[in-house]
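Residues: numbered from 1 along the sequence shown.
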Amino acid sequence: MPPGQRRVSPHVLREGMGVLWVAVKAEPRIFTLSVLGSALYAAMTVATAQVLGWATEEVVLPAFESGDTTAGALAGVAVAIVGVALLKAIGVAARRFYAGLMQYRLQAEYRRAVTRQYLRLPLAWHHRHPTGQLLSNANADVEAVWAPIAPLPMAVGVLFMLLIAAVSIMVTDLVVAGVGFLVFPAIALINVVYQRRLAPVATRAQQLRAEVSEVAHESFEGGLVVKTLGREESETERFTERAEALRDANVAVGRIRGLFDPVLEALPNLGVLAVLLIGSLRLESGAMSPGDLVNVAYLFTLLSWPVRALGWVLGEVPRSVVGWERVRGVLDATGSLPFGDGSLDGKGRATPLEVREVRFAYESMDDDAAGRDVLHDATFAASPGRTIAVVGPTGSGKSTLTSLLVRLVDPARGAVLLDGVDLRDVRRGGVAETAALVPQQTFLFDDTVRGNVTLGLDVPDERVWEALRLAQADGFVAALGDGLDTRVGERGATLSGGQRQRLALARALVRRPRLLVLDDATSAVDPQVEARILRSIREAQSGEAGGATVVVVAYRKATIALADEVVYLEHGRVLDRGAHADLLERSEGYRNLVNAYERAETERETVEGGEEALA
């Protein structure tokens, strides 16, 4: 069973109490204030019964006997009732405010904890978990974990009400108390059956919430593909299937609650009827006074409220336990990248980049299954200031290699070295300070141009414009309405594909990396612009000591020709390396591949030119 979807223990109630104890330990002060408010409410509720009993005994019955009463007596009753009601209102306000505050603080804290864990875990872990599931862990599951927190202080507070009421009833009349208290064993038994019936259904419903989130995220993320291929109906059916399964699971939960909740609420009322029946007999025999009977009957009507409050908590416990298991599945996940204390200061050996017999395989979604090797003993080196073009057919391991070069993942065997230092021995953040990757899939935030280029880096605008100039993006940015302050929309929706790629490239260049890795990062720009970009990068780096090493995954022959050396990959192996002209001459596979790329590019340009002519 995947992490985040673990089976819930049959001891749901015990585990649920453990989760609630975690909440109490996390926010003891706020919980105490909320419970005190609830206790005040409970005490004043019981006090209401005492006031009603006193009013009946001292004011109402004497009024019936004498035929009149005094204004002072009525005022005393009114003051007592209003005073108790006011204190009860204060208790309700304190209970609800602090209970809500505690719940929202815990939700915020655990959402941050889950998000921090996502950022800490390596990409290898993320490869094994669907994005929709991760979204559900950080949102719906965290919300489910702390769902019982809002009614918890109330349930704890009304326990005081239960205790005070029980003592008051026993002090008033033990016979009536014995009859009324027969209700509680029945309530306890029904709650046990309730939890056992509800737990598996709530587990299923919570897991389906994650599945619905996964399908929705995939459909929205792939919206362009879905619309392009006309698969809206198919995606709608796929989402509908999961949504209807979630609906049915929630209906099943509702049926169980609809069956048990009325029973739990009816039992205390049946107890009240029994108390009134026995109490009336006791009243006739003179064993009880009318005021005592009113007091006891009202207290028994109050007992349904504690039962209901406890039921709200117990009803949320199964879902809370499921959410807790799923959240803990993330927080307890292992596999973080280890770091050393080495630094990349450029004072190592002359070869800044070296790939030694690297082997890598993606892990399967099933933790017990071994993944297929994507790279096999890949080996090459690059001197400072050199441009290396990595060329190979689809699926040959080019993008995987770029991830290894900037240590997004670690090789299963072999090593990647910068300045003679294994990247696994570099201190945290050291690789990011030295190397930069511009991936295939460009991602821009719903922020300004400046924000997307700097990503929080404290650099002056002059340096931002310099990076934009190197990426051939300064022209279109200057033409935008607010220049660097122009917002680009979600994922850069207001920009073209080429413009987005150039901003992503400027984001890397503004950091002035000594190793720049471009994973087909200029495929959406015009070939002439791409050539100018690569040429400007080389010219800018030529003036620096040693220069930066550029590794570019390339398809266009013009781009490849700009490289000092070509590394030819096929089926995860480095089949050949050398100058572009030499590889064209001696490697048939390389020659066929590059010529195929060139023919495809020529055909695309011809089609686009024809469309422009027709327009």
Pairwise distance [atom1]([X]) to [atom2]([Y]) - rounded to 0.5 angstrom:
X	Y	atom1	atom2	value
R487	D446	CZ	CG	5.0 Å
L480	T448	CG	OG1	11.0 Å
E433	R427	CD	CZ	4.0 Å
R247	E244	CZ	CD	4.5 Å
R407	L437	CZ	CG	15.0 Å
L331	W324	CG	CH2	7.0 Å

So which atom in [X] and which in [Y] form the shortest heavy-atom distance, rounded to 0.1 Å?
X	Y	answer
A249	L208	CB-CD1, 3.7 Å
L503	V488	CD1-CG1, 4.4 Å
K88	Y41	CG-CD1, 3.1 Å
G37	A94	CA-CB, 4.0 Å
V330	Q117	O-NE2, 3.0 Å
I149	A99	CG2-O, 4.1 Å

Subject >> Side-chain ion pair, R112 and E109, N-O less than 4.0 Å >> reply: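 No.
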**OP:** Tell me, with the steps shown, if R511 and L455 meet side-chain contact (heavy atoms from CB on, under 4.5 Å).
**Re:** CA-CA 10 Å; R511 284 153 175 77; L455 288 186; 3.5 Å; yes
Original post:
Passes side-chain contact (heavy atoms from CB on, under 4.5 Å), Y110 versus V327? Steps please.
Top reply: CA-CA 9 Å; Y110 274 78; V327 170; 4.3 Å; yes
Subject >> Flag side-chain contact, heavy atom, 4.5 Å: M44 against V92 >> reply: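 They are not in contact (no side-chain heavy atoms under 4.5 Å apart), so the answer is no.
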Subject >> Residue pair R507 / L444, side-chain heavy-atom distance below 4.5 Å >> reply: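 Counting from C-beta outward, R507 and L444 do come under 4.5 Å.
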Quick check: does any side chain N or O of [X] sit under 3.5 Å from a backbone N or O of [Y], one acting as donor and the other as acceptor?
X	Y	answer
R242	R238	no
E143	Q107	no
S34	R95	yes
T32	P28	yes

**OP:** Take atom CZ of R96 as the centre, draw a 6.0 Å sphere, and report whether it contains more than 12 heavy atoms from other residues, nucleotides or ligands.
**Re:**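 Not buried by this count: 12 neighbours or fewer within 6.0 Å.
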Original post:
Got more than 12 heavy atoms from elsewhere within 6.0 Å of OH, Y98?
Top reply: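 Incorrect, the count does not exceed 12.
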**OP:** Scan N137, N139, D141 and name whichever one has a side chain to side chain donor-acceptor pair (under 3.5 Å) with R111.
**Re:**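 When N137, N139, D141 are each tested with R111, the side chain to side chain donor-acceptor pair (under 3.5 Å) holds only for N139.
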